[in-house]
Amino acid sequence: APGAEIGSELLLAHAAPDEALRVVDAGLDVAERADGVRRHGGRLYAIGLRAASALDAGDRDAQASRIYDRLRAARHDAAYGATPLWSAHTAMADAEWATLRGHDAADEHWRHAETRFDALHLLPPATRARIRHAETLLPDDRDGAAALLERAWGDAVEAGLGLLRADAERIGRRANIRLAPAPATPFHLTPRELEVLRLVARGRTNPQIGEALFISRKTASVHVSNIL
């Protein structure tokens with residue numbers, strides 16, 4: 001299971017959710033055959049649901065439902081309960097599921113997962129939960145997302161969690177939330193204008209740029225004009 005967890009996380013970091021799901025399934029095939037106390041593989045359900053959320057709409061719901069059905073079955077089959085760590089990881093899976101389904105209680109689920117990991121003094125998964133929580137709050141609650149990202153980014157920097165730091169910075173750039181000192185940029189463009197320029201170079205239209213960066217089409221148009 002640890003190899004499947006690391007492998008699927010790396011595949012997600014390289015924007016390969018289909019491959020990540022295959023690794024998740026293979027890991028769960030092994031972990032779910034464990035004894036009556038759930039110890040291993042809990043993290044894979046959350047990773048699988050996160051991978052499903054990155055798929056096209058046609059595949060997203062089917063794959064997410066399939067992974068969550070596996071979690072329901074695993075809970076039912078745990079004759080002697082589950083370890084606190086397994087329960088914490090599956091609490092994050094519940095938060096991913098609630099977010100995918102648009103449940104009103106999604107925010108509460110994310111806070112519950114963060115509290116579980118904090119109680120176990122497990123910084124990496126707590127940081128992952130805060131980053132995902134922040135991402136789900138955008139664009140509606142920018143202040144709440146900023147507070148979560150700032151804490152997650154600071155913890156990732158202090159602990160040397162490079163992948164989590166990069167994820168926090170990626171979301172921060174998209175939402176124009178500054179998490180680090182602004183670096184020197186080429187062409188005398190602002191960091192925000194560079195984000196727009198990258199999307200222009202990929203052939204994105206102004207509405208698509210606005211959606212990607214959580215800004216209006218008009219604001220995207222202004223940025224494009226300034227760049228030109």
>> Applying salt bridge (charged side-chain N to carboxylate O under 4.0 Å, His left out) to Arg128 and Asp155, what does each step give before you reach the verdict?
In response: CA-CA 11 Å; Arg128 168 64 70 196; Asp155 287 342; over 6 Å; no

Supply the atom-to-atom distance [X] [atom1] to [Y] [atom2], rounded to the nearest 0.5 angstrom.
{"X": "Leu199", "Y": "Leu194", "atom1": "CG", "atom2": "CG", "answer": "11.0 Å"}
{"X": "Asp118", "Y": "Leu123", "atom1": "CG", "atom2": "CG", "answer": "8.5 Å"}
{"X": "Asp143", "Y": "Asp141", "atom1": "CG", "atom2": "CG", "answer": "6.5 Å"}
{"X": "Asp61", "Y": "Arg101", "atom1": "CG", "atom2": "CZ", "answer": "6.0 Å"}
{"X": "Ile215", "Y": "Glu195", "atom1": "CD1", "atom2": "CD", "answer": "10.0 Å"}

Do side-chain atoms of [X] reach the backbone of [Y] as a donor and acceptor pair under 3.5 angstrom?
{"X": "Arg151", "Y": "Leu149", "value": "no"}
{"X": "Arg192", "Y": "Arg174", "value": "yes"}
{"X": "Arg38", "Y": "Glu32", "value": "yes"}

State whether a side-chain donor-acceptor pair under 3.5 Å links [X] with [Y].
{"X": "His223", "Y": "Asn206", "value": "no"}
{"X": "Asp94", "Y": "Tyr68", "value": "yes"}
{"X": "Trp110", "Y": "Thr99", "value": "yes"}
{"X": "Thr90", "Y": "Ser87", "value": "no"}

> Can you tell which of His133, His112, His89 makes a ring pair (Phe, Tyr, Trp, His ring centres under 6.0 Å) with Phe117?
Replying inline: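 Among His133, His112, His89, the one meeting ring pair (Phe, Tyr, Trp, His ring centres under 6.0 Å) with Phe117 is His89.
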
> Can you name the closest pair of heavy atoms from Gly7 and Val23 and give their distance?
Replying inline: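 So the two residues come closest at C-CG1, 4.5 Å.
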
>> Minimum heavy-atom separation for Ser8 and Ala4, please, with both atom names.
In response: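 That closest heavy-atom pairing would be OG-O, 2.7 Å.
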
Could you check whether any side-chain heavy atom of [X] comes within less than 4.5 Å of a side-chain heavy atom of [Y], counting everything from C-beta outward?
{"X": "Arg170", "Y": "Glu135", "answer": "yes"}
{"X": "Ile67", "Y": "Leu21", "answer": "yes"}
{"X": "Ser225", "Y": "Val222", "answer": "no"}
{"X": "Leu44", "Y": "Glu5", "answer": "yes"}
{"X": "Trp86", "Y": "Arg39", "answer": "no"}
{"X": "Trp153", "Y": "Leu164", "answer": "no"}

>> Is there a salt bridge (charged side-chain N to carboxylate O under 4.0 Å, His left out) between Arg66 and Asp69? Walk through the geometry before answering.
In response: CA-CA 5 Å; Arg66 186 181 60 76; Asp69 284 345; over 6 Å; no

>> salt bridge (charged side-chain N to carboxylate O under 4.0 Å, His left out), that's the test. Do Arg72 and Asp77 meet it? Break it down for me.
In response: CA-CA 9 Å; Arg72 288 192 184 103; Asp77 293 342; over 6 Å; no

> Can Arg111 and Glu114 be said to form a salt bridge (charged side-chain N to carboxylate O under 4.0 Å, His left out), step by step?
Replying inline: CA-CA 5 Å; Arg111 294 184 189 281; Glu114 291 158 28; 5.3 Å; no

